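Written out below as structure tokens is the structure these notes cover.
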Amino acid sequence: MSEVRVRIAPSPSGNLHIGTARTALFNYLFAKKNNGKFILRIEDTDADRTSQEYIDNIFDSLKALGLNWDEGPDVGGPYGPYTQSERFDIYPKYVQKLLDSGFAYECFCTPEELEQEKQEATEAKRAYVYSKKCENLTEEQKAKLRSEGRKPAIRFNIAKAQKAFHDSSILEFDDIVKGKLHMDTNLLGDFVIQKSNGAPTYNFAVVIDDALMKISHVIRGEDHISNTYKQILIFEALGFEVPKFGHLGMILAPDRSKLSKRHGATAVSDFVKQGYLTDALINFVALLGWSPSDGEEIKTVDQIAQDFRIGEISSSNSIFEYDKLKWMNGHYIKQIPIEQLKQMLKPYLTKYDLTELTDEQYTKMVEITREPLTLLSDITDAVPYFFGKDVQIDPEAQEKTLDTDVAQDVLKDFVSKAKDWDWNEENLHEKLADFRAFWKESVGIKPKVTMWAIRAAITGRTCGADMVGILEILGKEKSLYRANKAIK
RNA sequence: GCCCCCAUCGUCUAGAGGCCUAGGACAACACCCUUUCACGGUGUAGACAGCGAUUCGAAUUCGCUUGGGGGUACCA
């Protein structure tokens with residue numbers, strides 16, 4: 001196997017799933033580590049479930065994650081086209097080859113007949129495998145069936161292929177992440193490679209595409225293990241070189257079921273919409289199964305690629321825990337340069353009138369409110385008090401803070417003193433410190449209680465950004481107006 | 001039902017026979033810092049699924065059981 005060529009082959013029946021993104025990442029890392037090529041192929045053989053919107057979403061998400069492909073539907077490449085539906089004229093040739101060599105045969109069974117077989121198997125508590133009743137149809141029988149208007153599907157002859165290339169019915173292969181895997185091919189059943197409508201099935205199309213695109217390593221989810229045996233046999237029957245396979249554990253939701261919509265976001269674009277950063281997403285997902293040799297978990301894709309060894313990926317399933325993703329996202333948000341962050345936050349501030357603030361004030365606001373953000377979207381609820389003349393007072397802040405005698409006294413004092421203060425950061429910082437000290441020394445009020453009164457009056461809540469910064473952004477007039485209004 | 005895969009703290013994992021009285025990260029809890037929330041810092045608690053076997057010695061090897069996941073389509 002000379003050149004490393006790997007691929008990600010999503011089917012556009014939905015937006016790019018986070019699990020697919022992880023598979024794409026591991027393929028990408030493997031390619032980068034081995035100076036290979038990373039290829040994108042769209043598997044849209046099932047026209048009913050495919051849509052252009054999903055295809056666009058897959059492209060955009062992969063790009064946003066930084067997983068750029070060397071060959072694909074848009075950029076082309078030497079082995080295109082890279083969209084399965086545009087390759088339909090390629091497959092029949094190989095079906096015919098299999099038919100000619102006896103590794104495949106026509107099957108005229110109707111869906112009803114097949115259903116019947118399955119039912120009988122279930123009732124007899126037997127594992128269902130296709131009966132092969134069409135395997136040895138004579139030409140006359142076929143012609144008769146055809147004249148009745150029946151269109152045949154083409155089935156692959158498992159036993160024949162297995163016998164031709166292997167000693168026993170056990171098929172074994174060496175998985176690059178899981179090690180030796182095996183299966184008794186008698187249990188597989190002759191599967192359809194071409195539907196009666198002429199379209200290739202998944203298991204057939206992948207083999208042809210992987211072979212023609214010279215894919216050297218197939219790295220995918222372990223839900224494909226059972227397909228691998230079928231695929232190996234097709235590779236062999238067609239005389240293609242069999243690629244190496246690697247199967248990754250699945251990503252499960254916290255309740256150990258399949259990660260699905262009801263658990264929250266599942267598509268990369270959903271996460272982004274919710275305020276997750278693609279850098280955090282890709283970093284987090286890399287840690288599901290892979291771990292850095294130096295123990296440092298925060299890493300860029302390039303750094304991970306240096307350290308990546310496919311054989312060291314954990315082969316067990318892993319649970320997608322949002323907590324750690326959030327922590328990591330917060331970590332990444334802290335590293336974004338302020339100017340960039342200002343732009344990134346804007347989509348989450350549409351309910352406010354940003355023109356109320358000068359650019360300088362907006363910068364300041366972002367500076368003092370960014371610290372506790374774990375999601376970009378957290379900004380929405382963190383800043384309402386920077387806008388409008390009046391502020392909405394939180395009921396609890398009203399009751400537990402503003403309604404107390406201490407708070408009322410503090411506020412009266414604040415208003416009378418602050419009206420003479422110079423309203424700039426340095427001075428406010430100093431004056432506020434003096435103000436706290438005064439209340440502590442003369443009346444014995446804790447600094448934080450003093451600040452709570454002011455904070456509640458001006459922001460309507462008892463927690464939030466740095467008070468000096470808030471006062472500065474709001475300005476003297478608005479600040480004192482709100483303070484006055486809170487006094488009974 | 002049948003087949004396949006997997007199994008270390010709640011979660012992600014380190015660990016490839018003695019370095020393990022099992023290490024780290026997130027979450028939890030406590031304390032410190034502090035004008036609040038948070039950040040940060042310091043600690044605490046928390047796991048080798050069970051049973052057998054191999055071995056002087058097992059989280060690490062083997063078998064069984066249990067548990068979880070996947071597959072069993074003219075879906076991909």
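Computed over heavy atoms, backbone and side chain alike; hydrogens, waters and symmetry mates excluded. Every chain is numbered from 1 and lettered A, B, ... according to where its sequence line falls, protein lines coming before strand lines. Everything numeric here is computed off the predicted structure, so don't read it as measured data.
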When all nucleic acid strands are considered with a 4.0 Å heavy-atom cut-off, which category describes [X]: base, sugar-phosphate, or nothing?
X: A:Ser318; value: sugar-phosphate
X: A:Met183; value: sugar-phosphate
X: A:Glu297; value: base
X: A:Gly464; value: base
X: A:His224; value: base
X: A:Arg155; value: sugar-phosphate
X: A:Leu181; value: sugar-phosphate
X: A:Asp184; value: nothing
X: A:Lys326; value: nothing
X: A:Ser291; value: sugar-phosphate
X: A:Arg256; value: sugar-phosphate
X: A:Gly221; value: nothing
X: A:Ala205; value: nothing

Check the orientation of [X] and [Y]. Use parallel for under 30°, tilted for 30 to 60°, and perpendicular for over 60°.
X: A:Tyr91; Y: A:Phe88; answer: perpendicular
X: A:Phe173; Y: A:Phe245; answer: perpendicular
X: A:Trp290; Y: A:Phe308; answer: tilted

Quote, to the nearest angstrom, the [atom1] distance that separates [N] from [M].
N: B:U60; M: B:A16; atom1: P; value: 12 Å
N: B:C74; M: B:U13; atom1: P; value: 35 Å
N: B:C12; M: B:G69; atom1: P; value: 13 Å
N: B:C9; M: B:C48; atom1: C1'; value: 10 Å
N: B:A22; M: B:A59; atom1: C1'; value: 8 Å
N: B:A27; M: B:U11; atom1: P; value: 16 Å
N: B:G57; M: B:U65; atom1: C1'; value: 26 Å
N: B:A30; M: B:G18; atom1: C1'; value: 37 Å

Side-chain donor or acceptor of A:Tyr229 paired with backbone N/O of A:His182 under 3.5 Å: yes
Test item: A:Asn15 side-chain N/O and A:Val268 main-chain N/O as donor-acceptor pair under 3.5 Å: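 No.
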[N] - base-pair partner by Watson-Crick or wobble geometry, distances under 3.5 Å:
N: B:G18; answer: B:C56
N: B:C29; answer: B:G43
N: B:C74; answer: none
N: B:G63; answer: B:C51

NZ/NE/NH1/NH2 to OD/OE distance under 4.0 Å, A:Glu312 and A:Arg309: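 Here A:Glu312 pairs with A:Arg309 in a salt bridge, since their nearest N and O are under 4.0 Å apart.
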A:Glu113/A:Arg150 salt bridge by N-O under 4.0 Å criterion: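 Salt bridge: yes.
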Listed partners of A:Asp223 passing salt bridge (charged side-chain N to carboxylate O under 4.0 Å, His left out), at least two apart: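 For A:Asp223, no residue satisfies salt bridge (charged side-chain N to carboxylate O under 4.0 Å, His left out) once neighbours in sequence are set aside.
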Residue met sooner reading RNA chain B from 5', once A:Trp452 and A:Gly295 are mapped to nucleotides: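 It is A:Gly295, whose closest nucleotide lies nearer the 5' terminus.
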Along RNA chain B (nearest heavy atom to each residue), the more 5'-positioned of A:Phe284 and A:Asp466: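 Nearer the 5' end of the strand: A:Phe284.
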A:Lys230 NZ/CZ over A:Phe156 ring centroid, <6.0 Å and within 45° of normal: no
Contact boundaries on RNA chain B for chain A, cut-off under 4.0 Å to non-hydrogen atoms: B:G1 to B:A76
